[in-house]
Peer 1: 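After the structure tokens below, expect a handful of questions from me.
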Amino acid sequence: MTVPPTLPKSRQRLILSVLMLCSLLIWLENTVLSTTLETLADPVRGLGADPGQLQWATGSYTLAFATLMFTAGAWGDRFGHRTVFSTGLVIFVGSSLWAAYAGDVGQLIAARAAMGVGSALITPTMMAILMWTFTGAARAAAIGIFSTSAGVGMAAGPVLAGFLLDHFWWGSVFLINVPVAVMTLVGLAVLVPNFRSPTLRPLDPAGMLLSISGLVALAYGLIRAGQVTVWSRVDVWAPIIVGLLLLAVFVLVELRVTLPSFDPRLLARRAFGGGNVALGLLLFGVAAITFYNAFYLQGALGFSPMKAGLANIPTACGALAGAPLASRLVRRLPLRLVTVPALAMAALTMGGYGFLGLQTPLVWIEILLLIQGLSVGMVIGPVTAALVSDLPLEQAGAGSAVTNTVRQTGSVLGIAVGGTIMSITYRRAIEPSLEGAPGQVQEQARVSAEQARHVATAIDRPTLAQAADDAFIHAMHVGAGWIAVVVLLGAAVLLIALPAGERKKTSVPERDYEEVRSSV
């Protein structure tokens with residue numbers, strides 16, 4: 001099929017429902033794991049995972065997502081978007097079942113990486129199908145309705161995960177993916193034509209291999225530093241150097257390709273390059289602080305998974321309110337005047353974790369999370385829209401690939417660096433409290449606060465559990481300070497990158513069909 005068919009409106013609405021169902025699935029998967037981390041770290045209720053393993057369980061999904069997503073659109077052009085979409089769903093279902101019944105942390109990490117592969121195939125093809133299905137004013141309305149699934153997933157994910165963890169075993173949070181994915185597969189087969197483009201984009205296997213290898217090596221070195229608490233070891237600095245070299249080669253290779261899936265030249269544009277760096281640094285902070293938040297609420301404060309899930313609702317509510325608020329403001333004010341203060345506020349809320357403790361009232365935590373969600377929501381949507389819309393239309397596809405890859409890479413590095421800072425600082429803080437304890441107790445307590453609490457209960461030593469809580473709070477304070485600095489750097493970059501005194505237009509001209517298709 002080389003031209004978009006004119007579908008009945010009733011069928012268009014049904015297709016939109018199928019796409020929203022799958023988008024909800026992806027957003028649920030992005031949020032449920034954060035509620036599950038504390039349980040996975042528990043030696044009895046979970047897998048006894050250490051912080052490094054949990055970093056990989058979180059980061060392997062995002063890493064696969066980041067490095068495959070920019071080529072999945074080209075696969076859809078070549079093989080049909082429904083075909084690639086369905087393949088991604090099958091992979092997602094199979095890997096969800098694998099994750100649910102994983103016998104150890106290694107299997108869980110591998111299953112999560114496979115889930116990232118499925119998500120990478122689903123996301124760009126899902127948007128392509130939406131663009132093929134709707135035209136004119138109906139397309140803008142469909143995009144607006146479709147975007148609500150993200151907010152629903154952000155709000156429902158932690159609560160649903162908390163309910164399941166309170167009543168079932170930890171693997172149940174992955175089983176919820178199966179019926180949703182099966183319903184989506186049926187809807188795809190019955191309703192959605194196999195749209196494909198007459199113009200094939202290159203598959204770029206070299207770029208895909210180099211980007212995956214480089215990010216894996218870099219993430220391994222950063223996470224390994226937290227496991228061994230020193231940076232001078234060969235197994236720490238060597239992977240970091242190799243990863244950086246591979247990523248440099250990846251950029252050089254992409255510069256030589258006529259139609260690259262990831263075009264580094266776009267980053268040389270002041271607004272586009274600087275804006276993407278700022279978004280990458282923001283997502284770095286969001287991923288890292290979310291990692292901390294999971295252990296703070298359930299571990300240090302002792303919240304049940306359900307209570308922790310409910311406590312995170314203000315973040316989703318803030319993000320939902322922030323996007324439309326910023327959209328209204330940029331019609332009257334320069335984009336820089338709206339988004340730079342919002343990004344700086346997001347940094348301050350992340351730094352605000354440095355003032356949270358074991359006795360902090362819940363209301364103050366909720367206010368902090370609400371402001372954080374509001375600030376992040378006011379930055380991501382408007383800046384992303386501005387960056388892509390400011391590109392020439394023939395570069396919209398490449399620009400979308402760069403933006404999505406940079407954002408996901410920021411998340412990968414945020415988990416790696418944020419978790420490593422927490423691990424190193426925690427071990428140094430807990431060390432004085434381990435004097436006189438048996439060797440096995442010391443070894444287990446150094447792994448994480450979760451392990452320390454478990455062994456403290458086993459040997460009836462409550463002072464060790466208190467020391468673990470204090471050490472974790474100290475580590476969170478130190479990490480929050482560094483995260484805030486990184487995100488403030490993003491605000492400074494955005495201040496320099498965005499033009500001053502220019503208001504965004506209130507409407508975006510309708511792209512023709514092929515131009516929109518090339519952007520997904």
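This chain uses plain numbering: 1 for the first residue, then up along the sequence.
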Peer 1: Using side chain to side chain donor-acceptor pair (under 3.5 Å) as the criterion, list what pairs up with T420, not counting sequence neighbours.
Peer 2: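 T420 satisfies side chain to side chain donor-acceptor pair (under 3.5 Å) with no residue once adjacent residues are dropped.
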Peer 1: Just by distance, do the side chain of S213 and the backbone of L210 share a donor-acceptor pair under 3.5 Å?
Peer 2: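 No; judged by distance alone, with no hydrogens or angles, the pair does not exist.
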Peer 1: Just verifying a value: how many Å separate D470 CG and T463 OG1, rounded to the nearest 0.5 Å?
Peer 2: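 One finds 11.0 Å between CG of D470 and OG1 of T463.
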Peer 1: If you take all heavy atoms of P179 and L175, which pair is closest and at what distance?
Peer 2: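 Minimum heavy-atom contact is CD-O, 3.3 Å.
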Peer 1: Just jot down the ring-ring contact (aromatic ring centres under 6.0 Å, His included) partners of F163, sequence neighbours excluded, or say none.
Peer 2: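 Testing F163 for ring-ring contact (aromatic ring centres under 6.0 Å, His included), a comparison that skips the adjacent residues, returns H167.
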Peer 1: Quick one, L68 and I212 - any side-chain contact, counting heavy atoms below 4.5 Å?
Peer 2: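 When only atoms from C-beta onward are counted, I212 and L68 do touch, with a gap below 4.5 Å.
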Peer 1: Considering all heavy atoms of both residues, which atom of L246 and which atom of G214 are nearest to each other, and what is their separation?
Peer 2: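 Here L246 and G214 meet closest at CB-CA, 3.7 Å.
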Peer 1: Do side-chain atoms of S304 reach the backbone of K307 as a donor and acceptor pair under 3.5 angstrom?
Peer 2: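 Pair found, side chain donor or acceptor close to backbone of K307.
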Peer 1: Decide side chain to side chain contact (heavy atoms under 4.5 Å, CB included) for L97 and V178; before the verdict, give the C-alpha distance in whole Å, the side-chain angles of both, and the deciding distance to 0.1 Å.
Peer 2: CA-CA 8 Å; L97 289 170; V178 178; 3.8 Å; yes
Peer 1: Step by step, work out the side chain to side chain contact (heavy atoms under 4.5 Å, CB included) result for I421 and Y292.
Peer 2: CA-CA 11 Å; I421 292 173; Y292 288 12; 4.0 Å; yes
Peer 1: Is there a side chain to side chain contact (heavy atoms under 4.5 Å, CB included) between R427 and L434? Walk through the geometry before answering.
Peer 2: CA-CA 10 Å; R427 290 190 184 185; L434 300 179; over 6 Å; no
Peer 1: Looking at residues at least two apart in the chain, or sitting in another chain, which of them share a ring-ring contact (aromatic ring centres under 6.0 Å, His included) with W169?
Peer 2: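 W169: ring-ring contact (aromatic ring centres under 6.0 Å, His included) contacts with Y101.
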Peer 1: Find the distance between CG (L40) and OG1 (T58) and round it off to the nearest 0.5 Å.
Peer 2: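 L40 atom CG to T58 atom OG1 measures 8.5 Å (nearest 0.5 Å).
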Peer 1: If we only count heavy atoms from C-beta on, is the T409 to F65 side-chain gap below 4.5 Å?
Peer 2: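 A side-chain contact under 4.5 Å is absent here.
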Peer 1: Not counting sequence neighbours, which residues clear ring-ring contact (aromatic ring centres under 6.0 Å, His included) with F472? List them please.
Peer 2: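 F472: no ring-ring contact (aromatic ring centres under 6.0 Å, His included) contacts found.
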Peer 1: How close do V376 and A346 get, counting heavy atoms only, and between which atoms?
Peer 2: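 The pair with the smallest heavy-atom distance is CG2-CB, 4.2 Å.
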Peer 1: Between L89 and I122, does a side chain to side chain contact (heavy atoms under 4.5 Å, CB included) hold up when you go through it step by step?
Peer 2: CA-CA 7 Å; L89 275 171; I122 291 169; 3.8 Å; yes
Peer 1: Please tell me if the side chains of F303 and L362 come closer than 4.5 Å, counting only heavy atoms from C-beta onward.
Peer 2: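 F303 reaches L362 side chain to side chain.
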Peer 1: Of the non-hydrogen atoms in A278 and V493, which two are nearest, and what is the gap between them?
Peer 2: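 Here A278 and V493 meet closest at N-CG1, 4.4 Å.
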Peer 1: Between atom CG of L488 and atom CG of L281, what is the distance when rounded to the nearest 0.5 Å?
Peer 2: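 Spacing of CG (L488) from CG (L281) equals 10.5 Å.
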Peer 1: So, using side chain to side chain donor-acceptor pair (under 3.5 Å) as the criterion, who are the partners of T35 when residues are at least two apart?
Peer 2: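 Side chain to side chain donor-acceptor pair (under 3.5 Å) list for T35, sorted by chain: empty.
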Peer 1: State, to 0.1 Å, how close V286 and T290 come at their nearest heavy-atom pair, and which atoms those are.
Peer 2: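 Here V286 and T290 meet closest at O-OG1, 2.6 Å.
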Peer 1: Would you be so kind as to tabulate the donor-acceptor pairs closer than 3.5 Å made by side chains of residues 106-121, with sequence neighbours excluded?
Peer 2:
{"unit_1": "Q107", "atom_1": "OE1", "unit_2": "G103", "atom_2": "N", "d": "3.2"}
{"unit_1": "R112", "atom_1": "NE", "unit_2": "A57", "atom_2": "O", "d": "2.9"}
{"unit_1": "R112", "atom_1": "NH1", "unit_2": "E29", "atom_2": "OE2", "d": "2.1"}
{"unit_1": "S119", "atom_1": "OG", "unit_2": "Y61", "atom_2": "OH", "d": "2.7"}
{"unit_1": "S119", "atom_1": "OG", "unit_2": "M115", "atom_2": "O", "d": "3.2"}

Peer 1: Roughly how far apart are S211 OG and E254 CD, rounded to 0.5 Å?
Peer 2: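 Between S211 OG and E254 CD, I get 8.0 Å after rounding to 0.5 Å.
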Peer 1: What residues form a side-chain contact (heavy atoms from CB on, under 4.5 Å) with I473, not counting sequence neighbours?
Peer 2: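 Here the qualifying residues are Y296, A300, L358, M476, H477.
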Peer 1: With sequence neighbours excluded, tell me which residues meet side chain to side chain donor-acceptor pair (under 3.5 Å) with Y353.
Peer 2: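 Listed in chain order: N293.
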Peer 1: Is the shortest heavy-atom distance from the side chain of L297 to the side chain of N312 under 4.5 Å?
Peer 2: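 They are in side-chain contact.
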Peer 1: Could you check whether atom CE of M345 has more than 12 heavy atoms from other residues, nucleotides or ligands sitting under 6.0 Å from it?
Peer 2: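 No, because the 6.0 Å sphere around CE of M345 holds 12 heavy atoms or fewer from other groups.
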Peer 1: For a 4.5 angstrom cut-off between non-hydrogen side-chain atoms, does L33 reach V173?
Peer 2: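 A side-chain contact is absent here, since even the closest heavy-atom pair is not under 4.5 Å.
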Peer 1: Does any non-hydrogen side-chain atom of V159 lie less than 4.5 Å from one of M306?
Peer 2: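 Yes, close enough: below the 4.5 Å cut-off.
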Peer 1: Nearest 0.5 angstrom please: L310 CG to E366 CD, how far?
Peer 2: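 Reported to 0.5 Å precision, the distance equals 9.0 Å.
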Peer 1: Salt bridge check, R453 against D469: does any charged N sit closer than 4.0 Å to a carboxylate O?
Peer 2: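 Between R453 and D469 there is a salt bridge, with a charged N closer than 4.0 Å to a carboxylate O.
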Peer 1: May I ask you to test the Y220-W56 pair for a side-chain heavy-atom distance under 4.5 Å?
Peer 2: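 The answer is yes; the side chains approach within 4.5 Å.
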Peer 1: Quick one: pull up CH2 in W170 and OG1 in T39 and give me the separation to the nearest 0.5 Å.
Peer 2: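 Reported value, rounded in 0.5 Å steps: 10.5 Å.
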Peer 1: Tell me, please, which residues at least two apart from F291 pass ring-ring contact (aromatic ring centres under 6.0 Å, His included).
Peer 2: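 For F291 the ring-ring contact (aromatic ring centres under 6.0 Å, His included) partners, ignoring immediate neighbours, are F295.
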Peer 1: Please, which pairs that meet salt bridge (Lys or Arg N to Asp or Glu O under 4.0 Å) have at least one residue in residues 45-57, sequence neighbours excluded?
Peer 2: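 Every pair satisfying salt bridge (Lys or Arg N to Asp or Glu O under 4.0 Å) with a residue in residues 45-57: D42-R45.
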Peer 1: Filter on salt bridge (Lys or Arg N to Asp or Glu O under 4.0 Å), then keep only pairs touching residues 276-285, sequence neighbours left out; what's left?
Peer 2: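 Listed by first then second residue: nothing to list.
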Peer 1: Within the 4.5 Å heavy-atom criterion, are T339 and M378 side-chain neighbours or not?
Peer 2: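 Sidechains of M378 and T339: no contact.
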Peer 1: Without swapping roles, check the side chain of Q451 against the backbone of G48 for a donor-acceptor pair under 3.5 Å.
Peer 2: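 Checked: pair present.
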Peer 1: What heavy-atom pair brings Q408 and T62 nearest, and what distance separates the two atoms?
Peer 2: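 Nearest pair, atom of Q408 first, then T62: OE1-CG2, 3.1 Å.
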Peer 1: According to side chain to side chain donor-acceptor pair (under 3.5 Å), who are the partners of Q53, at least two apart in sequence or on a separate chain?
Peer 2: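 Q53 satisfies side chain to side chain donor-acceptor pair (under 3.5 Å) with no other residue.
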Peer 1: Show your working on salt bridge (Lys or Arg N to Asp or Glu O under 4.0 Å) between R428 and E431 and close with a plain yes or no.
Peer 2: CA-CA 5 Å; R428 291 175 179 173; E431 197 64 42; over 6 Å; no
